[in-house]
Amino acid sequence: MPLHLHGWARKKVEGRARELLDLVKLGHRVEHLADELSGGERQRVAIARALAFNPPILLGDEPTGNLDSKTGVEILKLIHDLHDRFGATVLIVTHDESVARSCPRTITLTDGRIIKDERR
Amino acid sequence: MILLRLLSWQYARKHKLRSLLTIMGIALGVAVFVGMHAANDSILAAFGRTVDRIAGATELQVSAGEAGFDEEVLDAVQQAPEVRVAVPVVEAVAATGIEGQGNLMILGVDMVGDRSLRDYSMEGGQSDIVEDPLIFLAQPDSIVVSQDFAARNGAGINSKIVLRTMDGPRQFTVRGLMGAGGLASAFGGNLAVMDIYAAQKVFGRGRKFDRIDIGVKEGISLEQCRTALERRLGPGFEVRPPAARGQQFEAMMRGYSVSMNVSSAFALFIGLFIIFNSFSIAVTERRSEIGVLRALGATRRQIGGLFLGESAVLGLFGSALGAGFGMLLGGVLVTYISRVMQGAYGVTAQNPEVEWNSLLLPAAVVVGTITSLAAALLPARSAAAVDPVQALQKGKSQVLSAGENLRRRAVAACLLTGSFVCLLLGSSRVFFYGGYTLLMSAVLLLTPSLSLWLARCLRPALKALRPIEGALAADSLMQAPRRTSATVSALMFCLAMLIGLAGTSRASYGSIEEWLSTTLNSDLFVSASENLVSRNYRFPAEMRPELEAIPGVAEVQPVRNTRITFRTTPVLLISVDIPRVAERTRRRRVIEGDFEEMNRIAGQGKGVIISENLAQLKQLRMGDAVELTATSAAVRLPVVGIVRDFSDQIGTIFVDQSVYLRHWNDPTYDSFRLYLKPGTDPMAVKVSIQEKFSQQRRLFVFLNQELKGYILNLADQWFGMTYIQLALALVVGVLGIANTLTVSISDRRRELGILRAVGGVSGMVRRAIWMEAVAIGLIGLFLGLALGAVNLYYQLEMVRRDFTGMPLDYRFPWTVALVLLPLVLAASFLSAAGPAESAVRSSLVESLAYE
């Protein structure tokens with residue numbers, strides 16, 4: 001959709017979409033509707049969409065929030081892989097300690113105030 | 001285009017019924033537009049074609065109004081050096097009495113010279129009769145009909161045909177048949193030719209002709225010939241090309257054409273509001289989707305363009321569909337309008353078929369699509385202005401921010417002030433219509449605030465009825481004024497238009513009834529035609545003493561109506577014995593002048609009395625000189641009085657019969673008004689008249705009540721549109737409320753789910769939805785009636801200024817308003833049925849998991 005909104009030609013949109021879906025390991029599901037995907041797969045699609053224009057910053061609002069633990073780990077691994085590959089800054093908002101611990105820097109807020117800024 | 005395919009098409013597929021209703025909204029408007037214009041154009045074209053075919057090679061026509069002129073004028077015309085050929089004509093429409101064949105147009109001509117102008121394409125074995133006109137002349141019952149007419153009625157050479165003449169039913173013998181095409185195809189093939197002198201007798205013309213048809217000498221231009229003839233004949237005569245008659249007919253149809261344009265505009269307006277309503281609802285429903293699109297990078301322009309694109313596509317489909325319906329509607333309307341024109345003016349295009357202007361259908365599609373785009377403009381702007389963050393928050397979108405509210409009210413206040421100023425300055429059209437537009441715009445802006453305020457007022461009453469359901473219904477309205485106001489606006493404007501039309505109809509009826517009781521107040525009317533307005537037949541002057549001799553008759557007042565051209569407009573000239581008429585019509589509404597004085601002066605032949613609508617349309621005042629084209633000379637008389645009169649939509653001039661006789665030299669009458677002696681039974685006199693005259697004359701006798709019934713029935717046909725518009729207003733109401741409730745339920749899924757989860761039974765949910773629907777209906781009704789009261793004033797002014805010139809009294813249609821209450825309530829219940837069931841049957845688990 002963002003590619004269409006930017007006026008890309010249809011063939012070019014399709015090419016880029018396949019490329020992104022392969023990146024998130026969903027190339028085999030390209031013919032499926034969103035309703036037919038699992039929660040984790042939908043999250044992968046959302047990540048692929050966010051990467052459409054190679055953004056310098058990627059924002060993730062509870063990216064593992066609605067997922068079971070196993071799928072959540074997979075998604076988190078994917079995010080880290082993409083960060084390593086493309087070098088984009090990734091900013092994740094989470095209530096999950098394990099997700100926070102997996103990141104090199106964690107800023108903790110309570111009642112809107114920063115109470116801790118940890119680097120690992 | 002890709003967004004239309006990816007998003008709009010999916011939405012349309014998901015909401016098939018709503019999309020269909022939106023398409024039908026514009027289809028309805030376009031269908032009425034196409035049907036009305038096609039019918040109007042067809043009637044005019046059929047009349048024009050009849051005129052052209054009858055005219056043949058005629059280049060100019062000499063006439064002197066409907067009264068005709070003496071035979072001696074023919075010599076003067078034939079002697080003009082510019083004239084190649086000049087032939088006299090009597091033209092009339094006669095009833096055949098043959099079942100299903102209707103009227104026959106009779107052309108009375110001088111066969112010796114007429115064939116140089118008209119092609120008769122004669123057929124049949126009696127070619128010697130045609131070739132020797134003397135034989136045709138020697139047999140005054142001779143008639144020539146078209147082959148088509150003969151075939152339809154099993155007639156041939158020497159067959160007998162009965163025509164209703166001034167002397168009663170008479171037999172005529174078919175002496176020739178005209179082949180197809182040319183003259184014979186005029187008037188739908190129902191055309192006959194007879195000797196002109198026989199026609200004079202049959203139609204009571206005396207020694208007069210209706211017109212002279214002229215062929216111009218080679219080398220002379222039409223303008224040269226026309227100028228020369230007008231100079232030769234003097235004032236009172238018109239020399240025009242045949243096409244000018246079509247223009248006159250068009251002028252007579254003007255009132256109806258305007259009425260049709262108003263109906264077309266109203267239908268398109270309804271369509272516009274259905275689309276506005278649907279798109280407003282759609283924007284509200286799709287706010288989350290819009291928010292997501294904006295978050296994904298869609299620009300405001302893309303969002304606005306998406307909705308406009310959707311409306312263009314729906315408009316295109318709807319317009320194409322409407323054009324198709326319009327073609328069917330045109331076929332129905334052309335017959336209806338033709339009948340109304342015959343009833344109102346006594347002229348008709350026999351069995352007109354629908355004719356299609358090549359530009360009409362494309363124009364209709366363009367108009368429909370533009371209307372659809374215009375309707376979607378505000379919702380598209382609203383969609384483009386959606387804040388992505390707010391859009392993804394439930395419920396926030398429905399609330400009007402305080403800032404927005406203030407802005408709307410401020411702008412509305414400015415517009416209202418502007419409207420009021422225009423009203424004060426209102427003499428010019430620009431100010432009048434500008435003020436009207438400003439007022440409507442202001443009301444549109446204020447509708448959300450007014451809806452909110454009325455919802456607050458209704459809350460206690462709703463709570464008193466049903467504490468829980470009533471509160472839920474009222475709160476739903478108060479929390480979502482945007483959602484409600486789109487439907488309320490649609491309903492309000494439709495009802496306001498309806499009140500305007502109903503009030504105009506009622507005022508017209510009231511005024512017509514008053515006029516009938518004060519002016520057409522004789523006990524009996526004796527007319528030469530069954531529809532009172534046709535002037536094909538006339539009575540001779542000697543019939544008056546014959547009527548006076550009938551027992552029980554106290555007074556007979558003869559009336560002669562004729563149409564003359566006054567300042568390029570065909571107006572009605574009524575010739576009566578003014579002082580005697582005045583004695584009987586003392587309660588007549590005088591607009592300007594003194595009743596006694598005007599009748600005294602006009603009775604002496606020193607002035608004319610004119611109708612109020614003529615004064616308005618032609619800007620005439622007391623003392624203004626009116627120049628009338630009579631056969632002997634131009635007659636200049638001052639206006640000595642202005643009265644309210646509904647004899648003719650275009651306008652009426654009253655002259656004393658002495659003036660008419662002197663200048664028009666026409667002693668015939670169209671009708672007689674009979675006043676009876678006290679205690680006389682009108683029915684008995686009617687029977688006496690019919691017994692005495694029916695065998696020797698063509699005449700029709702009406703009791704006063706019968707005449708009134710006929711005229712009011714005619715008015716009914718003119719105002720029949722009001723009932724259609726009532727139905728349309730209700731359709732808009734049902735559609736709008738159903739749409740609003742559907743979105744309301746969608747927005748309130750969680751709320752309704754919780755209500756059911758804590759013990760609310762299905763009936764409670766249904767009642768809440770019903771009460772919300774009824775509340776929307778009541779708010780729309782209240783605002784519609786209030787706006788309607790104002791709109792009625794403007795509509796009456798439009799009628800006075802621009803349509804018929806007839807000032808009408810302001811009478812709010814209370815009966816219609818009272819009838820609307822149960823109708824709108826019923827429509828509200830009906831519209832709530834589907835949404836209420838949908839709310840009750842939705843999954844409780846899904847509703848609670850919605851958030």
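Every chain is numbered from 1 and lettered A, B, ... according to where its sequence line falls, protein lines coming before strand lines.
For B/Arg766, the CZ atom counts as densely surrounded, since its 6.0 Å shell holds more than 12 non-hydrogen atoms of other residues, nucleotides or ligands. Other residues, nucleotides and ligands contribute more than 12 heavy atoms inside 6.0 Å of the CD atom of A/Glu36. For A/His28, the NE2 atom counts as densely surrounded, since its 6.0 Å shell holds more than 12 non-hydrogen atoms of other residues, nucleotides or ligands.
Taking non-hydrogen atoms and a 4.5 Å limit, the residue list of residues 369-377 of chain B in contact with chain A is empty.
Among pairs with a residue in residues 64-79 of chain A, those fulfilling salt bridge (charged side-chain N to carboxylate O under 4.0 Å, His left out) read A/Arg44-A/Glu74, A/Lys70-A/Glu74, A/Lys77-A/Asp81, at least two apart in sequence or across chains. Judged as a side chain to side chain donor-acceptor pair (under 3.5 Å), not a single pair has a partner in residues 4-14 of chain A (not counting sequence neighbours).
The CE atom of A/Met1 sits 6.0 Å away from atom CG of B/Leu293, with the distance rounded to the nearest 0.5 Å. Residue A/Leu5 holds its CG atom at 7.5 Å from CD1 of B/Ile303, rounded to the nearest 0.5 Å.
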Run the side-chain donor-acceptor check on residues 112-120 of chain A: report pairs under 3.5 Å with partners two or more places apart or on a different chain.
| from | atom 1 | to | atom 2 | distance (Å) |
| --- | --- | --- | --- | --- |
| A/Asp117 | OD1 | A/Arg105 | NE | 3.0 |
| A/Asp117 | OD2 | A/Arg105 | NH2 | 2.8 |
| A/Arg120 | NH1 | A/Ala100 | O | 3.3 |
| A/Arg120 | NH1 | A/Cys103 | O | 2.5 |
| A/Arg120 | NH1 | A/Thr106 | OG1 | 2.9 |
| A/Arg120 | NH2 | A/Thr106 | OG1 | 3.1 |

